[in-house]
Amino acid sequence: MANVSTLRFGAQTDEVTSLLRIVNMVRVGDAVTRPEIGRITGLGRGVVAQRVDRAVEMGFLEDAEYAPSSGGRAPRTLRFRAERGRIVVCALGGLHIHVGVTDLDGAILDEAHQAWDISRGPDETLRTATSMVDDLLARGDGTPVWGLVVGLPGPVDFETGRPVAPPIMPGWNDYDVRTVFERRYDAPVWVDNDVNLLAAAERSRRRDEAVDLIYCKVGTGIGAGLVSHGRLHRGANGAAGDMGHVRVPGAEQVCRCGKIGCLEAVAGGWALVRDAGAAIADGATGPLAEAVASGDTLTLEKITRAAGRGDALAISLVQASARQVGEAVAALVNMFNPGVIVVGGAVASTGELFLAEVRQRVYELSLPLATRDLAIKTSENDSREPLRGGVDLAKEQLFELSLPRWFAEGRPTVAAVHGAHG
């Protein structure tokens with residue numbers, strides 16, 4: 001049997017390849033008994049036993065309960081030891097920080113949420129975020145962190161973990177977010193756009209489908225996460241899906257990014273607040289206008305709630321946003337040809353009111369072939385979705401992409417997963 005040293009330096013040997021495959025098969029449930037592993041891999045009984053014993057010795061697998069008998073002696077099942085490590089997800093939004101800790105299977109063990117303005121800058125924001133993570137880990141049992149995922153509300157160069165000119169994040173451009181977390185937690189870190197975390201959460205529900213999917217988030221800002229044949233598509237520099245800053249023909253509104261006529265400046269949540277305020281100042285009436293006149297602060301949440309209660313002004317604003325978003329999504333449909341479009345975010349939380357307009361514009365403006373099998377739906381609207389998506393991303397990176405590089409160590413290390421970087 002190979003020792004750890006042999007495994008480390010002979011990482012492409014048949015033994016290591018089959019060992020990695022067996023661990024992953026048990027982890028995802030493709031095969032959970034030794035006979036099943038033998039049938040799927042074609043390995044002999046003795047070889048399977050040797051590989052399984054090695055995986056047990058290294059701490060990845062362990063024997064569990066007996067499986068139902070098919071005539072002979074009932075085989076013992078195997079289980080992946082998901083309790084050996086922790087995955088941390090830190091989802092930063094424009095106005096909040098949401099952190100969670102899970103096991104290696106993605107079961108959420110603890111979480112915390114705090115209102116926060118991302119424009120306060122990277123130093124203060126990351127101090128607050130890491131303090132929240134520290135508190136969660138301190139409440140745990142000391143199990144080591146195997147990986148962290150950080151979601152940011154702006155474009156991210158995934159290879160370096162650095163934001164790239166994020167419009168609503170002053171001071172964040174090219175900030176080394178990854179290293180802040182790696183040095184603190186001594187574990188590999190992945191930094192991604194927050195919409196990609198939501199797209200990954202939707203992908204995880206369709207893991208066996210190799211899905212082509214667009215997740216369109218319409219909240220304070222607007223962005224899209226693209227999944228191509230089961231893989232997140234980020235583009236050359238992490239800018240793929242940044243539909244919020246596509247130009248709307250004829251629009252003259254100034255966007256937060258400094259350009260004129262961006263989709264976000266016309267249809268984003270902050271634009272709805274702006275337009276609602278202007279309409280009320282011009283004499284618009286109704287429950288929303290009355291609330292503002294009585295001293296209420298106008299917010300996106302109040303607009304969407306008012307739309308759900310039938311306020312005419314709020315409904316008109318939400319529908320106008322949906323029409324513009326639908327036109328932009330239609331262009332993506334023609335180019336990307338997804339099988340599923342998922343619409344989420346605070347504006348889209350109005351449900352069918354928003355979705356009906358998006359559907360109408362997409363089917364009206366897209367090619368018939370591109371929409372023939374297209375499903376358009378709202379998201380789960382679950383506050384834990386960024387955590388689930390972050391865990392899905394971490395598991396993909398740890399077990400599907402980098403496992404051969406760190407397997408012999410028994411747990412992932414920064415050097416093994418990422419190599420040297422600044």
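Side-chain atoms are counted along with the backbone in the values below, which use heavy atoms only and exclude waters and symmetry mates.
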Can you list the steps and then say if Glu202 with Glu380 is a side chain to side chain contact (heavy atoms under 4.5 Å, CB included)?
CA-CA 9 Å; Glu202 289 290 340; Glu380 297 292 324; 4.3 Å; yes

Decide yes or no on salt bridge (charged side-chain N to carboxylate O under 4.0 Å, His left out) for Lys259 and Glu264, but give the supporting numbers first.
CA-CA 11 Å; Lys259 295 183 178 179; Glu264 183 180 299; over 6 Å; no

Trace of the salt bridge (charged side-chain N to carboxylate O under 4.0 Å, His left out) decision for Arg76 with Glu62:
CA-CA 10 Å; Arg76 194 77 174 263; Glu62 70 176 9; over 6 Å; no

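You'll find the side chain of Val342 stays beyond 4.5 Å of the side chain of Ile214, heavy atoms only. Residues Trp190 and Leu398 form a side-chain contact, since some pair of their non-hydrogen atoms from C-beta on lies under 4.5 Å apart. Counting heavy atoms from C-beta on, the side chains of Val26 and Ile37 come closer than 4.5 Å. Arg34 is listed as a side-chain neighbour of Val48, based on a closest heavy-atom distance under 4.5 Å. Residues Thr299 and Val273 form no side-chain contact, since every pair of their non-hydrogen atoms from C-beta on lies 4.5 Å or further apart. Taking the side chain as every heavy atom from C-beta outward, Arg203 and Leu213 never approach each other to under 4.5 Å. Side-chain contact between Ile260 and Val254 is present, with at least one heavy-atom pair separated by less than 4.5 Å. Contact check for Pro166 versus Pro155: side-chain heavy atoms found under the 4.5 Å cut-off.
A donor and an acceptor atom, one from each side chain of Glu111 and His98, are located under 3.5 Å apart. Between the side chains of Trp116 and Thr125, at least one donor-acceptor pair of N or O atoms lies under 3.5 Å. Checking Asn24 against Arg21 by side-chain atom types alone, no donor-acceptor pair falls below 3.5 Å. Remark: the Asp123 side chain and the Tyr175 side chain contain an N/O donor-acceptor pair separated by less than 3.5 Å.
Under 4.0 Å is where a charged nitrogen must lie from a carboxylate oxygen, and between Asp192 and Arg234 at least one such pair does. Taking the charged nitrogens against the carboxylate oxygens, Arg127 and Glu124 have no contact shorter than 4.0 Å, which rules out a salt bridge. Ionic pairing of Glu327 and Arg323 is not present here: no N-O contact between side-chain nitrogen and carboxylate oxygen is shorter than 4.0 angstrom. Under a 4.0 Å N-O distance rule, the pair Arg86/Asp103 does not qualify as a salt bridge. Between Asp382 and Arg388, at least one side-chain nitrogen of the basic residue sits less than 4.0 Å from a carboxylate oxygen of the acidic one, meeting the salt-bridge criterion. For the pair Arg79 and Asp63, the salt-bridge criterion is not met [side-chain N within less than 4.0 Å of a carboxylate O].
The closest donor-acceptor contact from the side chain of Asn196 to the backbone of Gly225 lies at 3.5 Å or more, if one exists at all. Looking only at distances, no side-chain donor or acceptor of Arg256 sits under 3.5 Å from a matching main-chain atom of Ile168. Judged by distance alone, the side chain of Arg405 and the main-chain N or O of Ala416 form a donor-acceptor pair under 3.5 Å. Without hydrogens or angle criteria, Thr304 side chain to Glu301 main chain gives a donor-acceptor distance under 3.5 Å. Looking at Arg411, its side chain does come within 3.5 Å of a backbone N or O of Val145 through a donor-acceptor pair. One N or O on the side chain of Arg84 and one on the backbone of Gly410 form a donor-acceptor pair closer than 3.5 Å. No donor-acceptor pair under 3.5 Å is formed between the side chain of Asp212 and the backbone N or O of Pro338.
Taking the six-membered ring for Trp and the full ring otherwise, the centers of Phe399 and Phe80 sit less than 6.0 Å from each other.
Note on ring orientation: taking the six-membered ring where Trp is involved, the planes of Phe60 and Trp146 are perpendicular (angle over 60°, cut-offs 30° and 60°).
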